[in-house]
Every structure is written in structure tokens, then in C-alpha cells.
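Residue numbers begin at 1 in each chain, while the letters A, B, ... track the order of the sequences.
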There are 4 protein chains.
Amino acid sequence: MTIQESGAARPAGRPRSEKAEKAIIEATLDLIAEGMGVSELSIEAIASRAGVGKTTIYRRWSNKEDLVVDALSTLKAPLPPLSGTSVRDDLITLLEAMRTESGHQRGRCVMNIAMSEADRHPRLMERFVKRAIEPRRLALREVIERGVATGELRPDLDVAMGMAILSGTMMWHTKWGPAGDLPADLPERIVDAALAGMAP
Amino acid sequence: MTIQESGAARPAGRPRSEKAEKAIIEATLDLIAEGMGVSELSIEAIASRAGVGKTTIYRRWSNKEDLVVDALSTLKAPLPPLSGTSVRDDLITLLEAMRTESGHQRGRCVMNIAMSEADRHPRLMERFVKRAIEPRRLALREVIERGVATGELRPDLDVAMGMAILSGTMMWHTKWGPAGDLPADLPERIVDAALAGMAP
Amino acid sequence: MTIQESGAARPAGRPRSEKAEKAIIEATLDLIAEGMGVSELSIEAIASRAGVGKTTIYRRWSNKEDLVVDALSTLKAPLPPLSGTSVRDDLITLLEAMRTESGHQRGRCVMNIAMSEADRHPRLMERFVKRAIEPRRLALREVIERGVATGELRPDLDVAMGMAILSGTMMWHTKWGPAGDLPADLPERIVDAALAGMAP
Amino acid sequence: MTIQESGAARPAGRPRSEKAEKAIIEATLDLIAEGMGVSELSIEAIASRAGVGKTTIYRRWSNKEDLVVDALSTLKAPLPPLSGTSVRDDLITLLEAMRTESGHQRGRCVMNIAMSEADRHPRLMERFVKRAIEPRRLALREVIERGVATGELRPDLDVAMGMAILSGTMMWHTKWGPAGDLPADLPERIVDAALAGMAP
DNA sequence: CAGTAATCGAGACGGTACGTCTCGTCTTAGA
DNA sequence: TCTAAGACGAGACGTACCGTCTCGATTACTG
């Protein structure tokens, strides 16, 4: 051995093209954003849109699900920064993030897809929850627990139920509320309604 | 003329078989209950399962969506009778109905399907909302409005927001709560948590 | 049973389209005549040229070989009528048929294909020999045997060897002779050269 | 200048590996001998069998044909020595060489390939004829012309036709004769049958 | 002996065709 | 007229090779 090897040796042969990988992800998200469901998505369409051979896709992902999971994962919008001034403000910020994430064309469709197809594709669901849902859930829990600690919320509050009320109500509006964009003051109204039962 | 005609003339030729129709609906529900999404559902699979020719299906429904809507509609569980003794009791009854409807194998899958695929199949969504969601929504609204009238709920309550909180929280648990059957006391806990902010 | 059945019952369902079958054969021969070898022939090209789905081809022939055999078989030009006046005349007629069969664009290519690919596709070979070669071989044998009987040929002639000499020499010219069409007097010259050793 | 240069300067860089070249040729002949046609031959299979990168093949031969021609050329069995005692003996020797060349596993397959694919690959044909067929044809012609000169054959013999009869009859047996090895006395019988029409 | 340059193996690249599958429609004979 | 059966054109599936390209490593000559 003449030169020290740095951990994992680079595999022989031409390295995989990052450009192709990105193009595939982009094409997938484009097609999803154009309203295709996971089942309507065709690998051939993705390949053609990405200007890529089918082999190049199958070399990286062995099935459509894996590709979709990876594609959706790249969209995990960063959590909004929380001001920390008051529980009410932070809750509104979190719900506002949920509201606007569904505002962008892509975000909305991606969310729809994610929620829609999740049950039928359990592995997709699992991975998506881990990457996209869990962090938001955790942030929400922390805000509520902080509120309990600071006395802004009732000391005997059922934290899990509080989370369910806030997320669920927001989600309900997203899904079943009147069509079109959600009103800008919705997060504030939901938080106030929820706080009515959670304040000390 | 040998047999009396009853108003509208019966069309000539062999009448459509009711047996085939039922078999098709049953096969469709079976397949949905086995976890297929609307897109995975294949007319050929339904025909084969029902022991029926594909033509027989296409003659009755021009596309998969129509068939699925009709199939789901046959499952519209009747609304539970409300005791009317108290708003709390009636709300618990309504949420309990939502909980158990998702408990039976078929009901759960059908609900999942309905919720999942709705966005991608707007006409399905529309008809499903009309037949299955609207009546429940209406019942919920009546109970809440009655509570406002009787003084059990705050007079300045935002009725729509109250509905969103109750339905949304229940729905949230159905979708994101811990796996397995929902706990029996969940409706009661949700109602109590919600009433904390809605009582006068 | 109301009507007598005529032997094999017609199978249920829509009968296979003769039109499609013919279009497929035609397309195959066209492509072969355009110079494609069996291996260069693509089922997709045939399907597209014939205006037919690939399924419709695979439903009838399970592989390319079978299709090619059937296609070639439709070209088996009828044997020329033999005058019977003299062995020499009949032999010239037979060899002339071999010569002109290679004259038509299609015939030539088909023959080439048949001879070329035969060894690599033994089943093709076998079936092709049976349908196209055997009848010609038989006719040749009969002429020679008649010549032996009438005294036009040597009584101790090795009939098989005579056939080999006549066919082989003709074939040799087809394959290795100077390019372009074979000269019109070639059959006559071959027959005369061969008869020099076969006449009594 | 340190070392004398031998005419053409050796190109810079690493010289091509003779070992790889041989391995490629060997692998090609192996695969052909295993019954593959030129079209079934895959460069990838050759590369893999030879333990060589595809580049190493494409650097030397720009296409499959060229490779096959070179591979076949390495097999050009030497012409058998002719005793010269009599035309009959020499003809038998030549035909005997044709017969046995088809006996060895490799030789047979190579011959088959050469004859089969020739028409579809004209450049292959041309080069193969030059290297393998032409020398044999020349030898045959010389023997026959010598026979005419010595009086063993008819003075007005059509030499070209005589060649066609001898080669063609032998070829006919190779191609259309009964399966299995050709009988040992076949060359003798053919020569005698042919000489019957060629002797003075 | 260090530098230069063509070669080596490996394997990824954008493609094409494969043979299979399922789609929704069409076309039969029989009920 | 409706039914079951099943053929139809269409097109996506995942695989195998094509011929090209890009890697790091190797191997000879040159300065």
C-alpha cells in the first residue's frame, strides 16, 4: 500500500452523476406537482422528463416508492424560527408554517400526495413521518410544554391532546375547509380558540 | 300484449342482472378492504373476482370513479341516534360513531380510501362529501347550536371553529395517532378537552 | 343442444382477426425484404409497421422464429409445371425455377434469409425444409428416376449424387458466383455439364 | 538519441497489451463455437469472458464485424499438401479437407457462421472470401487446369463449371445432407461422379 | 528518476428493444 | 338486448446490451 486509504475506498468505474440524480428528483417532483399520484407516475415519464435513461433510475432506486420517498424528503421545508416571546406567538408561527407550506404549488401537491398515498404505501409513510412530520410534532410539543412550565398554560394540561387539537384543527381546515387559499388569520383564530380551553 | 305495462315501457331485450350488479359492488369493496387504492384497483380484477365480464361493468359505470363512489355509498353507516339529554353526551356519541366506523375492517379501509384519494379524484370527493360527510357535519352543527341555545355552550362561540376542533382532533388521532384501534375513551376525552374552551 | 356442432366448438370470445394476422405477415416480409436478418428484425418494428399491438403478435407466435417460419412459408412459390418431353428439358425447368425465384426482390431476400439463418435456428430450418425444400427435392428425384427408367440416364446412376450435383452446382453459383443476376443460360449449361457424366 | 529507432516511431504512452488482444480473440471464438451467431454475440459477453473492459475491445475494433473477421481469420486452416500423383487424388484431398474442416467443433461452427452470416455482413463476407475461400478456390482451379494439360481431363472442359460442380456438390452435402458427420468416402464418390463427365 | 501520455479494468451514461402485463374498447356466440 | 369470453391497440413495466464516457491505477518511454 503506497498511499493511505481514507476509510471507504472509492468504488471502481465511473462515479454516478450527481447531475442525473438531481434531474431525476426534480422531474419526479415536477410530475407530482402536476397532479400525478404515485400510481399514475411512470418511471418512463420521469426518465424522459429528466433526460435520463431508465437504467439510471433503476440503478439508484429499485422501485417507485423509494424514489418518491427520496424526492419528497428533499422538500422538508425548514422549521420556522420561534420567537419565544409567548406561547401564543410561537403556536401561531407553527400553524402559519403549516398554512403557507400548502400555499406554494409544489408544497401543496407534495403534502397532498404525502398524506394521500401514505396509507397505501406503509414504508413511504414511515419514512415520510420520520423526516417531515416528526420534527414539527416535536417543536409543537416543546412549545406546549414550555407554556405549562411558564404558567402560560394550565399545569394539568394533557399535552398530547393539546397537540392533537391544534394540528388536527389546522389539518381539518386544509382538507375540508372552503376551497382556495386558507385565510391569513386562520392560525391566530385556531390558537385563540384552543387556548380558551388550555389557559389556566 | 300479455302482461300489463307499468307506465314507463320496459326496454326490450334481456334485463340487466341485479345479481351481477351486487357481485360487482361486493367485489369492489372486498378489493378496497384488502388495501387497494383507487388507482391500484383494476376493472379486470373486479370483473374476475365478481365472475363477470368487463363489459358488464363498463355498461353500468363509465369509469372506475363512478363505480367506487357507488360502492362506497352502499356503506354509508346510518347516523347514530342522539339521546338529546346533554350536549356533551351527544358530542361523545357522534365522535364515538366516527371511532367505531373506523374499527371494522371494511369501514376503516373505506374511510381511508375516501380520505386518501379524495383530492386526486375531485368528483369522487364531491359525491362522497355529499353523501357521507355532509350529514355528519350537519348533525354536529345542530348539536353545537343547540348547546349555544340552551346555554350549555358559550353564547359567542364560533360554531364553525367548534366543529373544526372536534372533527379535526378526532381525525388527527385516526390518521396520526398510535397504530391499532383507537382507545374507547378517546371521544370522551376529546369532548371534555374541547368543552373546556367552549363552555361558558 | 339445439344445433349440431361441427366437430371442434368455436372458442368463446372475440375471434382472432385475420386482417391483423395478414398485416403482421406482410410487415414481416417487407422488413425482411428490406434487408433485415432475423436477428435485426424487431417485433416492435413489425408491430408498428403492421399497425398492431405487440400483444397481438405474441398471442399468435411465441417467438420471432415461429413468426418468421410462417411468414416465409407463405412465399413458397409453386413448383413449375414440367413438360415431360425430355429429362434434360425438365431439369432445366427446375433449375430455371431456382434461378428466377432468386430474381424477385422478395424471393431473393427470403431465400437468402432462409439459407443464412437456418443453421442457427434449427426449428426454422426443419420447418422450412419441409415446406419449401422437400417438394423441390422430390420433383428433382422423380425426373432423374424417370430418366433412368426411360434410358435417358445411365442405369447404374447414383440418383442421390445426381441430385446433389445439380442442386449443389446451382446453389454454388447463387452463393459464390459473380454478383448480380445469374445468367439466363446457366441452368442449361449446368444440366449439360452434369448430363455429361450421367448419360449412358 | 539513445536507442535506434526502427522506422515508424513507437507511439508514446503505455503500449497495447497483446495478452488482452489474444484473450479477446479467444473469447470471441469460444462464444461462436458455443453456437452464437454474429448477432447474438454481445460485446459485453466477450469482454466479460475475456476479463477485459469494453473500451479495450472498442479501441481495437470499431465494430463487431471487424472483430469477428479478425477472429475467424486466425482459424484459417492451412491448405493440405497435394501429392500431385493424379488429378483424382488431388481433388479427393481437397474435398477431404473441406469435409474434415467441418469436423472439429470450432471449425464447423466457424464455417457455419462464415457461410451463414456472410450475406448480411458484406464486408465480413468480402474479407472472409479473400482470406479463406480464395486460396482454396485457386488450388482447385490449378488442379483442374493441370488435369486438362496432362490429358487427364477433357481438353474442352469448362474449368469454372468443373469447380462449381465439385465445390457445390460438397457444399450441398454439408448443408443439406443427412445430419451428423459426413461419410469418409464422400469426397471419393463425388470426385468419381464428377470425373465421369469431365474425363476425356 | 520524475514527468508525460496512452492504456488498462471497471462501470455509469442515454438509448433501444425485449417479452410481459394491464388498461379500456370491441366483437363474437349464446341466453 | 344483455352476458361471459376473450381479442384488440396502446403503452408502462423492469431487464439486457448497445456504443460512449469517465474514473483511478498502471506501464512504458522521455527529459
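- OP1 and OP2 of E:dA6 both lie 4.0 Å or more from every side-chain N or O belonging to D:Arg60.
- Whole-Å rounding puts the D:Asn63 CG to F:dT20 C1' distance at 15 Å.
- Contact annotation for D:Thr55: base contact, defined as any heavy-atom pair under 4.0 Å involving a base atom.
- Checking the phosphate oxygens (OP1, OP2) of F:dA5, no side-chain nitrogen or oxygen of C:Arg16 falls inside 4.0 Å.
- Atom C1' of nucleotide F:dG9 and atom CD1 of C:Ile24 are separated by 11 Å, given to the nearest angstrom.
- For the pair B:Trp61 CH2 and E:dT25 P, the interatomic distance rounds to 15 Å; values are reported in whole Å.
- Contact check on C:Arg16 versus C:Glu21 returns no salt bridge, with no Lys/Arg side-chain nitrogen under 4.0 Å from an Asp/Glu carboxylate oxygen.
- As rounded to whole Å, 6 Å separates atom P of E:dC18 from atom NZ of C:Lys64.
- Distance check: D:Thr28 OG1 to D:Ile25 CD1 gives 6.0 Å after rounding to the nearest 0.5 Å.
- If you take CD1 of D:Ile43 and P of E:dG15, they are 22 Å apart, rounded to a whole angstrom.
- No donor-acceptor pair closer than 3.5 Å links the side chain of A:Thr56 to the backbone N or O of A:Val52.
- At a cut-off of 3.5 angstrom, counting only N and O atoms as typed in the model, there is a donor on one side and an acceptor on the other between the side-chain of C:Arg14 and the base of E:dC26.
- Interface remark: the C:Lys54 side chain does not form any donor-acceptor pair with the F:dG9 base, using a distance-only criterion of under 3.5 Å.
- Between C:Ile46 atom CD1 and C:Asp30 atom CG the span is 10.5 Å, to the nearest 0.5 Å.
- Among F:dA12, F:dG9, E:dC8, the nucleotide with an atom closest to any side-chain atom of D:Ala20 is E:dC8.
- As a whole-Å value, the separation of C:Lys19 NZ from E:dC26 P is 14 Å.
- Between the CD atom of C:Glu44 and the C1' atom of F:dA10 there is a distance of 12 Å, rounded to whole Å.
- Between D:Ile57 atom CD1 and F:dC17 atom P the separation is 14 Å, expressed in whole Å.
- Of the residues near DNA chain F, A:Tyr58 and C:Glu21, the one whose nearest nucleotide (by heavy atom distance) lies more toward the 5' end is C:Glu21.
- A distance-only check finds a donor-acceptor pair linking the side chain of D:Lys64 to the backbone of D:Leu41 [under 3.5 Å].
- With DNA chain F read from its 5' end, the first of the two nearest nucleotides for C:Thr56 and C:Gly13 is the one closest to C:Gly13.
- When the nearest nucleotides of DNA chain E are assigned to A:Gly51 and C:Leu41 by heavy-atom distance, the more 5′-ward of the two goes with A:Gly51.
- Here A:Arg59 does not reach the OP1 or OP2 of F:dG14: none of its side-chain N or O atoms lies under 4.0 Å away.
- Within the nucleic acid shown, A:Ile46 has no heavy atom closer than 4.0 Å to any nucleic acid atom.
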